[in-house]
Amino acid sequence: MDFSKPSHFLHPSYNSPVTRSWFSKKPAASSLIYPIFVSEFPEEETSFEKMPGIFRFGYKNIVSYLKPLVAKGLTSILIFGIITDESKKDPSGTLAGGLKKDGPVHLALKEIKAALPELYLICDVCLCEYTSHGHCGVFDEEGRLNNAGSVQRLVEAGMSYIDAGADMLAPSDMMDGRIGALKAALLKRGLEIPVMAYSAKFCSGFYGPFRDICNSAPQKGDRRGYQLPCDSKELALRAVARDLEEGADFIMVKPISAYLDIVSEIKRKFDCIVSCYQVSGEYSMIYFAAKAGAIDKKRVVLEYVTSFRRAGVDAIITYFVPELLEWLQEK
Ligand code: PBG
């Protein structure tokens, strides 16, 4: 320690609550997005062993669950539709939407829009919750993933969510070219609807609990052919560049805890707003570690949120939103 050098002393910079607040990365309540799961049944409330605190609701009783959260400051949700009856699934994921406009998402959108018009409604766009094979796209006759056919189905589904009242589309399928196709379809109809691209979505072990909730695990094979390999920063950056070029309004990184470097790199290279998705496995790990008394949940969740912001994240999708809305108001 060189006592003659004032620049070697850091404590003076943060030894008061006032100066500590100047470093704050506290997010605004309006930058928190809450994922919700709705099923094809009107009334349902199912809990999940692997994700305590998270429920699947019927498309009608979701409204009474959301109302108190909106009163607490909730401004936006990310909606996932779930088909619990396997016999209603088919190879092209018909109930995702398109010709059919009475899937769980359409039904829920109408209920929520009518009861909570100020809530901002983001729709996940994917086929895996609706396809009999559990993949995010459709296959050709030889059993190969049909990228063009998949994009067409995703556009049909996305447009049907807009008709039902969605404010933003968030395609999580990872097919090539879906951002451009969605944007073109929206512009053709003169709609200034934003698209949030799951650009840097990695093939991850953190999605386990979600696939249980959605019954959406692939029947055969895995998603390595379309989700990004977790060791590749290069592909993530190429995907972001491409999606911005295709007209993405927002870029997402998912999962987040093990991918903070990807956010920093995106922020360094591109002028764009980045959201992150703290996914189901990340939620469960924190939940169960806290339950076992190993960590303090509130402290650790706030520390994670701070790290997302420090890395450059602008908006945060997390299952901890109801708790965060309370914690962020505390002094
Ligand atoms: C795909 C999708 C997944 C998640 C969101 N959209 C799962 C997957 O790719 O298998 C995961 C979200 C989470 O784990 O919380 N439709």
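All ligand and atom numbering here is 1-based and tracks the order in the structure. Quick note: residue numbers are just sequence positions, from 1.
Close approach to Arg223 involves these atoms of ligand 1, each under 4.0 Å from a residue heavy atom: 8 (C), 9 (O), 10 (O). Using a 4.0 Å cut-off to heavy atoms of Phe80, the atoms of ligand 1 that qualify are 5 (C), 6 (N). Which parts of ligand 1 touch Cys128 is read off a 4.0 Å heavy-atom cut-off, strictly below it: atoms 1 (C), 16 (N). Residue-ligand proximity, Gln227 to ligand 1, at heavy-atom distances under 4.0 Å covers atoms 8 (C), 9 (O). Near Cys126, the atoms of ligand 1 lying under 4.0 angstrom from a non-hydrogen atom of the residue are 1 (C), 16 (N). Against a heavy-atom cut-off of under 4.0 Å, Ser172 is close to the following atoms of ligand 1: 1 (C), 2 (C), 6 (N), 16 (N).
Closest approach of Lys89 to Ile83, counting heavy atoms only: CE-O, 3.6 Å.
Across Tyr277, Tyr283, Phe210, heavy-atom proximity to atom 3 (C) of ligand 1 is greatest for Phe210. In the candidate list Tyr207, Tyr319, Phe37, Phe206, Tyr319 is nearest to atom 15 (O) of ligand 1, counting heavy atoms. By heavy-atom distance, the residue among Glu282, Met51, Arg211 lying nearest atom 8 (C) of ligand 1 is Arg211.
Using a cutoff of 4.0 Å between basic side-chain nitrogens and carboxylate oxygens, Lys110 and Asp102 are not scored as salt-bridged. Using a 4.0 Å cut-off between charged nitrogen and carboxylate oxygen, Glu44 and Arg56 count as a salt-bridge pair. Checked for salt-bridge contact, Glu111 and Lys60 meet the test: a charged N lies under 4.0 Å from a carboxylate O. Salt bridge status for Lys183 with Asp243: absent, with no side-chain N to carboxylate O gap under 4.0 Å.
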What do the steps show when you test Asp124 against Ser172 for side chain to side chain donor-acceptor pair (under 3.5 Å), and what is the final call? CA-CA 6 Å; Asp124 185 87; Ser172 65; 3.0 Å; yes
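At a 4.0 Å heavy-atom cut-off, ligand 1 touches Ser280 through backbone and side chain alike.
Among all non-hydrogen protein atoms, the one lying nearest atom 4 (C) of ligand 1 is Lys254 NZ, 2.8 Å. Nearest protein neighbour of atom 2 (C) of ligand 1, counting heavy atoms only, is Lys201 NZ, 3.3 Å.
Annotation: Lys291, atom NZ; neighbour count of heavy atoms from other residues, nucleotides and ligands within 6.0 Å does not exceed 12. Around the NZ atom of Lys50, the shell of radius 6.0 Å holds no more than 12 heavy atoms that belong to other residues, nucleotides or ligands.
For ligand 1, the polar-atom distance check against Tyr198 finds no nitrogen or oxygen pair separated by under 3.5 Å.
Taken together through direct or relayed side-chain contacts under 4.5 Å among Ile, Leu, Val, Met, Phe, Trp and Tyr, Ile54 and Tyr59 form parts of separate hydrophobic clusters.
Within the structure, ligand 1 has Glu129 among the residues with a heavy atom less than 4.0 angstrom away.
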